[in-house]
Amino acid sequence: MAAVRQYPNHPVGARVRTVGGGAQNGHVLVIVGAEASQEAAYAVLVPGEPALGRRGLAPDELARYAAELEREHSPRWVFPAVESVYPVLLRADVRLRRCHDLTLAEGLLLAHEGRNGEPRELAAALARANGTEPPPDVGYADEDRHPTLFDARGSGLPPGVNAVDAAEIVLAEQERRIAETAFPDRMRLLIAAESASALAAAEMSADGLPWRADLHAALLTELFGPRLPAGQRPRRLVELAAKVSAAFGRPVNPDSPPEVVRALSRAGIEVPAARAHLLRDIDHPAIPPLLEYKELARLYAANGWSWLADWVSDDRFRPIYVVGGVVSGRWASRGGGALQIPKTLRTCVRADEGWKLVVADAAQLEPRVLTALSGDRKLADVASSTDLYASLAEAMFAGGHKIAIKHWDDRDDRARAKIAMLSAMYGGTSGEAGPLLALLRNRFPEAVSYVEHAAQAGERGERVRSKLGRTSPAPSEAWRALTGGASDSAADETQARRAARNWGRFTRNFVVQASAADMTAVLLATLRQRLPAPAHLVFFQHDEVLVHTPAELADEVSKHIEESVAEAASLLFGASCPVRFPMHIASVDCYADAK
DNA sequence: TCTTTTAGCGCG
DNA sequence: AAAGCGCGCTAAAAGA
């Protein structure tokens, strides 16, 4: 094994090339898969180094051997799916630096090839490589929320085919497909970053977000009264519901939107729905308790006692993240609502004694990403400000240029600049958005035309790509049927036009949101390698990371975050990218104190 | 009665 | 004239 050199210390590991076989380029490649014949028996294959191969390893043996290989060779690991194998290693406290997740890579490549939605797990990828019919993905069992790729339901691989052998074939095939993309280096970076994100996600689930169950319980008791059996409305909600009913003069269930709408109608107030913002300005005695009920009931249902019991253990919240679970490449979560923790509960997120939480969020990430994507130099100047929207307001409205909007108030300039930018990124046109967007287009034509081209492509049914090659799905057959042919009637025409516009808004936003996801994936990949032990990532939410660290390392952690963002921007947009990506970084004891 | 869909709202 | 993106989760409502 002495012939095998350590892989150069690249933070993401994106430069790894293994086409044509394993160690020949000086990189150790380790493929781990479960034995098809036995449950929880793992195999390790090192291409070009047969002596290092192992078969029939029990989980603890796999962990020990993986730790040894990681220590000796710092290889690029190849897993059928990180979320299946890596938890086995994490339970033995084995951490790996870099990897290639075959399932995530397959998903990215399929999307790039316009085959979104086809099965992407190892068995399907193998069938695809062999030119046979891919079996459907096995997915996850709802019962235990754990991956089932290698459980009793089987891997779906043909009889006698071992996962490591399948993985070797699939890896070679994926390398071939990567090389066929327009920008292989970008796709390589994307897959490396996505795979590293999967490592980070599994580590975060294993480590958990520090969560003081006692504070959460105290808060619930304070807001709702003593804990009652599941299914029973707590005291405070009973009181508020009674007030609502009393104000209407008849029993009204505030949890039932139709009942609320009917009750208001009887009181002579017509509302199209029972949404809080539609009720906010109504003058009726039932409204205040109703709004208070809605807000509290939401918290109780989503993050009440049963959530606390199900998702918090040993003062850690352990959600399951779904890396790349959103078409744009953002993460999703499975159970626990990890990405929707209400701000009111952030007071429960506390660093351990002697530790700190370093909370870092990217300021206005998406408009900055759009700026970098489009290469709009003037907007890049605006983005040199930490408060992009304030600076944008100056650029848009300086010289007293006020467009035809009634009751203009200078104090609204920043808000209006923000509406203009969000309208460009989301396709909004309501209210003042139209004229504001026109002004933005006038001042920053390059940036606005970038998203408008994406929208037009979507309206034509074309796919669009992020900076690193994440690709939007093709619209459905139903969409094509609706928008494709000549319309028989004006109504059909309207419907077709609406469908086209809707898809255009999706692709318009996709190029920005997905490129932002590219950037944060690279950020995560970079940061998790740079963090000084025992500091570790504990939370990630689209444009925000939390690191739990011994207090004395907090400053160093902040510095690594800054550097990782710069590294990510440089890898995506080039070393000379003029766009700043400032971070709000706070070192706090409590998450609630970060803003 | 059981399953699927909808409305509403939390997060970015 | 109106029209902004992406998710997950719960209870109620609708459907089978």
Side-chain angles (χ1 to χ4, degrees), chain A residues 230-231 233 237 253-262 271-279 290-291 293-304 306-307 310-311 319-322 324-346 361-367 369-370 418-434 436-437 451-452 454-455 458-459 464 466 470 472-473 494-495 497-517 520 539-545 591 595:
Chain A
R233 203 177 257 173
L237 293 183
N253 177 9
D255 282 324
S256 166
E259 277 193 44
V260 168
V261 170
R262 276 198 299 273
V271 286
R275 291 164 164 266
H277 74 269
L278 296 169
L279 307 181
L290 178 57
L291 290 174
Y293 179 94
K294 279 165 117 33
E295 195 177 329
L296 283 174
R298 158 83 198 187
L299 181 65
Y300 194 80
N303 299 94
S306 49
W307 182 91
D310 287 348
W311 293 100
I320 295 165
Y321 300 98
V322 184
V326 180
V327 282
S328 65
R330 279 185 170 189
W331 291 16
S333 63
R334 195 161 51 229
L339 305 181
Q340 300 124 265
I341 299 172
K343 289 184 173 171
T344 50
L345 286 184
R346 292 184 181 180
D361 78 284
Q364 304 105 24
L365 178 62
E366 292 193 350
V369 165
L370 171 57
K418 187 172 176 178
I419 288 170
M421 182 54 82
L422 293 179
S423 299
M425 294 189 303
Y426 293 162
T429 50
S430 66
E432 303 172 351
L436 287 169
L437 182 52
V451 279
E452 290 185 340
E459 291 185 21
V464 296
S466 73
R470 289 185 203 271
S472 67
T494 307
Q495 221 188 345
R497 196 73 207 124
R498 180 174 303 143
R501 293 270 188 201
N502 286 346
W503 199 255
R505 279 197 303 280
F506 166 61
T507 54
R508 169 195 289 267
N509 184 250
F510 184 95
V511 292
V512 179
Q513 191 181 114
S515 297
T520 53
F539 194 55
F540 169 66
Q541 179 170 234
H542 311 312
D543 62 358
E544 181 180 20
V545 294
Y591 189 14
K595 283 189 177 168

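Quick note on labels: first sequence line is chain A, next is B, and so on, each numbered from 1.
- If you measure from atom CD1 of I419(A) to atom P of dC5(C), you get 16 Å, rounded to the nearest angstrom.
- DNA chain C is contacted by both S430(A) and F506(A); S430(A) maps to the nucleotide lying nearer its 5′ end (nearest heavy atom per residue).
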Practice task
Using a 4.0 Å heavy-atom cut-off, write out nucleotides 1-12 of chain B from 5' to 3' as B (base contacted by protein), S (sugar-phosphate only) or - (no contact).
Solution key: ------SBBBSB
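- Rounding to whole angstrom units, CH2 of residue W311(A) and P of dG8(C) are separated by 13 Å.
- Taking OG1 of T344(A) as the reference point, atom CZ of R298(A) lies at 10.5 Å (rounded to 0.5 Å).
- Atoms OH (Y293(A)) and C1' (dA12(C)) sit 11 Å apart, rounded to a whole Å.
- Taking atom P on both nucleotides, dA7(B) is separated from dG4(C) by 16 Å, rounded to a whole Å.
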Problem - Secondary structure of DNA chain C in dot-bracket form (Watson-Crick or G-U wobble, distances below 3.5 Å, | marking inter-strand pairs) - result: ....||||||||||||
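- Here the OH atom belonging to Y426(A) is positioned 5.5 Å from the CD atom belonging to E366(A), to the nearest 0.5 angstrom.
- Look at S333(A) and you won't find any side-chain N or O under 4.0 angstrom from OP1 or OP2 of dC7(C).
- In this structure, dG8(B) shows a glycosidic angle more than 90 degrees from zero, which is the anti conformation.
- Atoms CG (L436(A)) and P (dG4(C)) sit 16 Å apart, rounded to a whole Å.
- The aromatic rings of Y321(A) and F539(A) lie tilted to each other, with the angle between the two planes from 30° to 60°.
- Regarding R470(A), its CZ atom lies at a distance of 21 Å from the P atom of dC5(C), rounded to whole Å.
- Among the atoms of the strands shown, none is found under 4.0 Å from any heavy atom of D361(A).
- With sequence neighbours excluded, the residues that form a side chain to side chain contact (heavy atoms under 4.5 Å, CB included) with A274(A) are P257(A), V260(A), V261(A), K294(A).
- Taken to the nearest 0.5 Å, the OG atom of S333(A) stands 12.5 Å off from the CZ atom of F540(A).
- Atom CZ in R508(A) sits about 12 Å away from atom P in dG6(C), given to the nearest Å.
- Between the P atom of dT10(C) and the OH atom of Y300(A) lies a distance of 14 Å, rounded to the nearest Å.
- A straight line from CH2 of W503(A) to P of dC5(C) spans 12 Å, rounded to a whole angstrom.
- Nearest heavy atoms, D543(A) versus L365(A): CB-CD2, 3.9 Å.
- Within a 6.0 Å radius of CD in E452(A), other residues, nucleotides and ligands contribute more than 12 heavy atoms.
- Contacts of G427(A) with the nucleic acid, taken as non-hydrogen atoms under 4.0 Å apart, involve only primed sugar atoms and P, OP1 or OP2.
- For the atom pair L345(A) CG and Y591(A) OH, the distance stands at 11.5 Å (nearest 0.5 Å).
- For dC5(C), the OP1/OP2 oxygens have a side-chain nitrogen or oxygen of R505(A) closer than 4.0 Å.
- Taking NE2 from H542(A) and OG1 from T520(A), the interatomic distance works out to 9.5 Å, rounded to the nearest 0.5 Å.
- Between P367(A) and M421(A), the shortest heavy-atom distance links the atoms CB-CG, 3.8 Å.
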